[in-house]
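Notes for the one structure printed next.
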Amino acid sequence: MASLSASLPKYMSHIPTRHTYLLHDLCLVPRNLSLIKQGSVRELRFVRSSNQTEPFIDSTDKLSDIPLLSCSEAIERLKQNRENQKGKQQFLAMYSSIFGGIITDAEAMVIPMDDHMVHRGHGVFDTAAIMNGCLYELDQHVDRIITSASMAKIVLPFDRETIRRILIQTVSASKCIKGSLRYWISAGPGDFQLSPSGCHQPALYAIVIEDQSLFDSKGIKVVTSSVPMKPPQFATMKSVNYLPNVLSKMEAEEKGAYASIWLDDDGFVTEGPNMNVGFVTKEKELLMPNFDKILNGCTAKRVLTLAEGLVRDGKLHGIRVDNVSVEEGKRADEMMLIGSGVLVRPVVQWDEQVIGNGKEGPITQTLLNFILEDMKSGPSSVRVPVPY
């Protein structure tokens with residue numbers, strides 16, 4: 001940290017050494033300190049995140065000398081900001097119905113502030129994995145976002161086939177062979193009112209993400225969430241209102257766990273913050289919670305289909321979708337999280353209860369292998385080739 005504080009200009013030397021790393025992490029100070037002009041920073045405020053324990057710094061000085069930027073200057077600063085914040089995820093292409101086309105410059109991947117998805121949360125989204133140049137379960141995910149848009153009372157900006165074609169073309173423009181495609185349908189821009197009646201037209205956005213993180217299939221710990229889950233009307237649609245999900249995930253991380261598990265009002269197991277939950281019971285049944293109060297997971301549904309092969313081979317005695325009590329879940333031989341991001345991730349501990357023998361279960365590992373193989377060489381019903 002000393003090297004950071006040593007590089008700060010003299011007019012910022014009043015900032016304690018222990019806080020200098022926050023200047024960069026919060027983007028209050030660019031990594032390239034030459035971008036700062038003396039006198040341009042008069043006030044700094046630090047926002048505490050879940051893993052920050054340092055006290056706040058609050059200056060009574062007022063922020064002044066804020067530059068009035070031209071469009072070209074703003075774009076240049078966006079570009080510099082992107083260059084200074086490169087992480088494990090790279091954004092290769094974006095489609096915007098506002099632009100009416102596809103862009104590949106990350107600094108231009110922006111949406112209007114008056115889009116009601118931004119300031120009112122009136123939008124829905126979905127994701128499809130890209131594996132070996134194919135989109136996995138694209139049609140299933142497109143059908144789900146259309147259902148979500150209907151539930152959110154958002155008129156589609158295009159018909160289904162046009163949306164599908166736009167998504168495929170966006171991946172094609174990205175040249176991404178392995179990654180993910182995330183896309184949104186919003187009420188669109190128009191004003192800052194509550195009602196979308198002033199929105200000119202709904203909008204479609206899509207972005208292709210290449211994640212350079214290594215895939216991890218090690219067993220993880222989960223905890224029971226104290227954050228209330230969304231009521232079924234909102235939990236069953238994939239909307240952008242993810243604050244409960246974010247708080248639930250943060251709660252888990254604060255407790256040294258990977259994710260939190262939600263329970264419904266009757267105390268039954270429902271889902272994780274962005275994944276479904278599955279169990280292998282002591283009777284060798286694959287058990288998942290009912291989908292009536294939670295998101296209809298595409299990957300979870302595919303796992304249920306692929307697991308039928310284990311029943312035929314005698315490795316499973318049955319497949320059941322039913323109410324799952326916490327007691328039944330914790331005494332299961334195996335537990336897993338299922339979703340397009342984690343695929344099939346083994347859980348070895350829930351709260352203080354070790355699941356099974358505390359190791360990654362064989363059925364969970366087999367189901368993960370099934371999904372990976374399905375993504376690479378499954379039938380045309382789940383794999384859509386991208387014409388690069």
Could you tell me whether the side chain of [Y] reaches within less than 4.5 Å of the side chain of [X], counting heavy atoms only?
X: Glu328; Y: Leu287; value: yes
X: Glu285; Y: Leu316; value: no
X: Leu138; Y: Arg383; value: no
X: Trp350; Y: Val269; value: yes
X: Trp184; Y: Val240; value: yes
X: Arg165; Y: Gln169; value: yes
X: Ser225; Y: Leu247; value: no
X: Ile154; Y: His122; value: yes

Taking atom types as modelled and ignoring hydrogens, do the side chains of [X] and [Y] form a donor-acceptor contact shorter than 3.5 angstrom?
X: Tyr242; Y: Asn274; result: no
X: Asp115; Y: Ser186; result: yes
X: Asn245; Y: Ser248; result: no
X: Asn296; Y: Lys301; result: yes
X: Glu251; Y: Ser226; result: yes
X: Asn369; Y: Glu373; result: no

At their closest point, which heavy atom of [X] faces which heavy atom of [Y], and how far apart are they?
X: Pro273; Y: Ala259; answer: CD-CB, 4.0 Å
X: Glu360; Y: Pro346; answer: CG-CG, 3.4 Å
X: Pro379; Y: Asp374; answer: CD-OD1, 3.6 Å
X: Lys178; Y: Glu210; answer: O-CG, 4.0 Å
X: Lys293; Y: Met229; answer: O-CE, 3.8 Å
X: Ala206; Y: Leu167; answer: CB-CD2, 3.7 Å

Backbone N or O of [Y] within a donor-acceptor pair of the [X] side chain at under 3.5 Å?
X: Glu271; Y: Gly297; value: no
X: His317; Y: Glu283; value: yes
X: Thr270; Y: Trp262; value: yes
X: Ser97; Y: Leu204; value: yes
X: Ser239; Y: Val124; value: no
X: Ser172; Y: Pro387; value: yes
X: Asp105; Y: Glu107; value: no
X: Glu73; Y: Ser70; value: yes
X: Asn84; Y: Gln80; value: yes
X: Tyr95; Y: Tyr183; value: no

In this structure, would [X] and [Y] fall into the same cluster of hydrophobic residues linked by side-chain contacts under 4.5 Å?
X: Leu69; Y: Leu78; answer: no
X: Phe370; Y: Tyr136; answer: yes
X: Leu343; Y: Leu306; answer: yes
X: Leu181; Y: Ile111; answer: no
X: Val382; Y: Leu135; answer: no

If you measure from [atom1] on [X] to [atom2] on [Y], what distance do you get to the nearest 0.5 Å?
X: Cys199; Y: Met117; atom1: SG; atom2: CE; answer: 11.5 Å
X: Arg160; Y: Asp139; atom1: CZ; atom2: CG; answer: 4.5 Å
X: His141; Y: Asp126; atom1: NE2; atom2: CG; answer: 6.0 Å
X: Ile220; Y: Met336; atom1: CD1; atom2: CE; answer: 11.5 Å
X: Ser174; Y: Gln90; atom1: OG; atom2: CD; answer: 12.5 Å
X: Leu156; Y: Ile145; atom1: CG; atom2: CD1; answer: 9.0 Å

When you look at [atom1] of [X], are more than 12 heavy atoms from neighbouring residues, nucleotides or ligands closer to it than 6.0 Å?
X: Gln212; atom1: CD; value: yes
X: Asp216; atom1: CG; value: yes
X: Lys315; atom1: NZ; value: no

Worked verdict on Leu295 versus Thr236 for side-chain contact (heavy atoms from CB on, under 4.5 Å): CA-CA 4 Å; Leu295 189 68; Thr236 53; over 6 Å; no

Would Arg345 and Tyr258 count as a cation-pi pair here, with the cationic atom under 6.0 angstrom from the ring centre and within 45° of the axis? yes

Dump the intermediate steps for side-chain contact (heavy atoms from CB on, under 4.5 Å) on Met109 and Ile207, then the final yes or no. CA-CA 8 Å; Met109 296 178 186; Ile207 191 163; 3.7 Å; yes

I'd like to know whether Asp351 forms a salt bridge (Lys or Arg N to Asp or Glu O under 4.0 Å) with Lys330, so could you lay out the CA-CA distance, the side-chain angles of the two residues, the decisive distance to 0.1 Å, and finally the verdict. CA-CA 9 Å; Asp351 293 331; Lys330 288 187 174 181; 3.0 Å; yes

For the side chain to side chain donor-acceptor pair (under 3.5 Å) test, which of Arg77, Lys79, Gln85 pairs with Asn81? Gln85

Would you call Arg320-Asp322 a salt bridge at under 4.0 Å N-O? yes

The test is side-chain contact (heavy atoms from CB on, under 4.5 Å); show your working for Ile261 and Val223 and say whether it passes. CA-CA 6 Å; Ile261 302 299; Val223 294; over 6 Å; no

How far apart are the C-alpha atoms of Leu367 and Leu310, what are their side-chain angles, what is the distance that settles it, and do they pass the side-chain contact (heavy atoms from CB on, under 4.5 Å) test? CA-CA 9 Å; Leu367 292 174; Leu310 294 179; 3.9 Å; yes

Please work out which of the three classes, parallel, tilted or perpendicular, describes the rings of His119 and Phe192, given edges at 30° and 60°. tilted

